[in-house]
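Remarks on the structure that follows.
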Amino acid sequence: MTKPTHSRREFVAATATAAALGVFGTAGLSAVSAFATPQPQPFVPAAGLIPYGSAVRAGALESDPAYREAIVANCQMVVAEGEMKWADIRPARGEYRFEKADAIIDFARQNRLEVRGHTLAWYGGLPDWTNEISSRAEAERELVDHIKTVVSRYRGVIPSWDVVNEPLVDFPESAASLRPSVWTRQLGPDYLSIALRTTAAVDPAARLVLNEYDVEFKGPRFAARRKALLQLLRSLRDKDVPLHGVGLQAHLFADRDIDRDGLQAFLNELAALRLDVLITELDVVDYELPGKVSERDALVARKAGEFLQAVCDVVRPKAILTWGLSDRYTWVPIYFKRPDGMPNRPLPFDADLKRKPLFDVIEQFRRRPA
Ligand code: 9MR
């Protein structure tokens, strides 16, 4: 692994105070009560840098020491790629399984990393049994029970949650164009306020985030998404529904243009609503890019740079997370395999854990003064 340009030491020093305040807790993790630490203190990024983090996989953290070390060396924050989704936590009705989620918390605590929670109310990542939910009362009971159980377990440990994930259809007409799911079928748009209000009630100190994708590009579909999302955010605000931030997933595509003006106008509206901006799942889908690796890596970094420039020129994101650290573990080939059969390279480190130009671009924006 190449030596990172910023050291973990900086972060550890800056978080010593937070540790002293009990942010990370000291208890073992075998008992549920181990998570019942005091309310989270505000996260203090090293030397004013924007904190950087990555989605992680519990299995890989356990089986792959080099990957684990790379995460520890380069991240200040982690988010579970799947282990806190319904499918993992609720494999069967009435059953909660926390082994894998707890393993990530345990890893983060041992290495003084902050954890973001992902995700509580989503149409995806649901276990099959949720298809049997057949009434409004049952849906509300399951959603509320899930949020109460999961959020209270990690109260004081997870200071920021992607409560709502991907609420809109691909090409929305308005805020009413919610993506169909068991939640919209049974609860309609109320599922959003139920999820957000329940999370706030269970952990009043948690920062509540609505996480969405495909809002940064040029073209009518993306403009419609920004417009519908703003409408949705305003309607939540009008109803006094608690919400603190918007997550821009930022699954960028090398062949799509960033709409700098459209994105900045959107971000200015978020600022007017006093909503935080987080970059939550950055990566660059490279399936249509040339095969030559150096050329491809440069184009991936350039695309991310264009996006980060557009964002950071108008707001300072509270965090920048990529959806994985290394090309060794990425969701991209599930949907976007390259036609030439070469492996995808969407992330800041390659499959051998060597740093790529994308890492340097992120680093450059993290270091920009506030
Ligand atoms: O990367 C995740 C993949 O491993 C899972 O199979 C999938 C379904 O749970 O979700 C992927 O993560 C998604 C994230 O939760 C929400 N935004 C899009 C991400 C990539 O598909």
Side-chain angles (χ1 to χ4, degrees), residues 79 116-124 143 147 151 159-181 183-184 187-201 203-251 258-282 307 310-321:
V79 56
R116 296 205 64 247
H118 176 91
T119 176
L120 301 168
W122 187 27
Y123 75 90
L143 184 59
I147 293 176
V151 174
S160 167
W161 271 101
D162 291 335
V163 178
V164 174
N165 197 33
E166 303 172 359
L168 293 169
V169 297
D170 276 341
F171 202 150
E173 278 168 23
S174 72
S177 309
L178 296 175
R179 197 177 285 272
S181 69
W183 311 124
T184 52
L187 300 166
D190 291 349
Y191 92 91
L192 298 165
S193 50
I194 292 170
L196 288 159
R197 287 200 165 111
T198 306
T199 310
D203 188 351
R207 304 295 287 175
L208 313 187
V209 174
L210 185 152
N211 197 37
E212 190 51 283
Y213 69 101
D214 274 0
V215 296
E216 53 281 278
F217 307 115
K218 269 188 194 148
R221 181 164 85 77
F222 308 106
R225 290 178 66 75
R226 290 189 290 273
K227 189 169 167 202
L229 186 51
L230 272 178
Q231 226 177 64
L232 182 62
L233 296 167
R234 289 198 186 103
S235 79
L236 292 170
R237 179 60 56 86
D238 289 348
K239 288 182 273 178
D240 279 330
V241 176
L243 181 70
H244 308 106
V246 170
L248 308 180
Q249 292 189 1
H251 293 291
I258 304 292
D259 188 338
R260 187 179 157 89
D261 292 346
L263 177 58
Q264 292 190 335
F266 172 75
L267 294 172
N268 284 326
E269 295 292 340
L270 298 189
L273 287 165
R274 296 182 312 284
L275 288 165
D276 291 344
V277 172
L278 296 88
I279 296 170
T280 50
E281 306 187 11
L282 177 64
F307 168 75
V311 174
C312 296
D313 280 351
V314 285
V315 294
R316 183 176 166 81
K318 293 286 176 205
I320 301 176
L321 296 102

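Here the structure is a predicted model, which means the values were calculated and not measured.
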Please round to the nearest 0.5 Å and tell me the distance separating atom OG1 of Thr280 and atom CG of Asp162. 6.0 Å
Nearest 0.5 Å, what's the OG-CG distance between Ser160 and Asp203? 10.5 Å
Excluding sequence neighbours, so at least two apart, what forms ring-ring contact (aromatic ring centres under 6.0 Å, His included) with Phe217? Phe222
What donor-acceptor contacts under 3.5 angstrom involve side-chain atoms of residues 267-276, with partners at least two apart or in another chain?
residue : atom : partner : partner atom : Å
Asn268  : ND2  : Gln264  : O            : 3.2
Glu269  : OE1  : Arg234  : NH2          : 2.8
Asp276  : OD2  : Arg207  : NH2          : 3.0

Looking only at heavy atoms, what is the nearest atom pair of Leu243 and Arg237, with distance? O-NH2, 4.0 Å
Indicate yes or no for a side-chain donor-acceptor contact from Arg221 to the backbone of Pro172 under 3.5 Å, with no hydrogens or angles considered. no
Rounded at 0.5 Å granularity, tell me how far CG in Leu143 sits from CH2 in Trp183. 5.0 Å
Would you call Pro180 and Val169 a side-chain contact if the rule is heavy atoms closer than 4.5 Å? yes
Relative to Tyr123, does Arg179 satisfy both conditions: NZ or CZ under 6.0 angstrom from the six-membered ring centre, and within 45 degrees of the ring's axis? yes
For Ala175 and Leu232 the tightest heavy-atom approach is CB-N, 3.5 Å
If the condition is salt bridge (charged side-chain N to carboxylate O under 4.0 Å, His left out), which residues does Arg197 pass it with, not counting sequence neighbours? none
For a side chain to side chain contact (heavy atoms under 4.5 Å, CB included) check, start with the C-alpha distance between Phe307 and Leu248, then their side-chain angles and the critical distance, and finish with the verdict. CA-CA 11 Å; Phe307 168 75; Leu248 308 180; 4.1 Å; yes
Minimum-distance pair of heavy atoms, taken over all atoms of Ala250 and Glu216: CA-OE1, 3.3 Å
Starting at CG of Leu210, measure out to CH2 of Trp161 and round the result to the nearest 0.5 Å. 15.0 Å
Check whether any side-chain heavy atom of Pro220 lies under 4.5 Å from a side-chain heavy atom of Phe171, and answer yes or no. yes
To the nearest 0.5 Å, what is the distance between OH on Tyr191 and CG on Leu178? 5.5 Å
Main-chain N/O of Asp214 paired with Arg225 side-chain donor or acceptor, under 3.5 Å: yes
Do Phe266 and Asp259 have side chains that approach each other closer than 4.5 Å (heavy atoms only, starting at C-beta)? no
Distance, nearest 0.5 Å, that separates CG of Asn211 from CZ of Arg116: 6.5 Å
Can you give me the closest heavy-atom contact between Ser174 and Leu168, atom names plus distance? O-CD2, 4.3 Å
Taking all heavy atoms of Lys218 and all of Ile258, pick out the closest pair and write down the distance. CE-O, 4.0 Å
Residue pair Thr119 / Asn165: nearest heavy atoms and the distance that separates them: OG1-CB, 3.3 Å
Is the shortest side-chain heavy-atom distance between Leu192 and Val241 below 4.5 Å? no
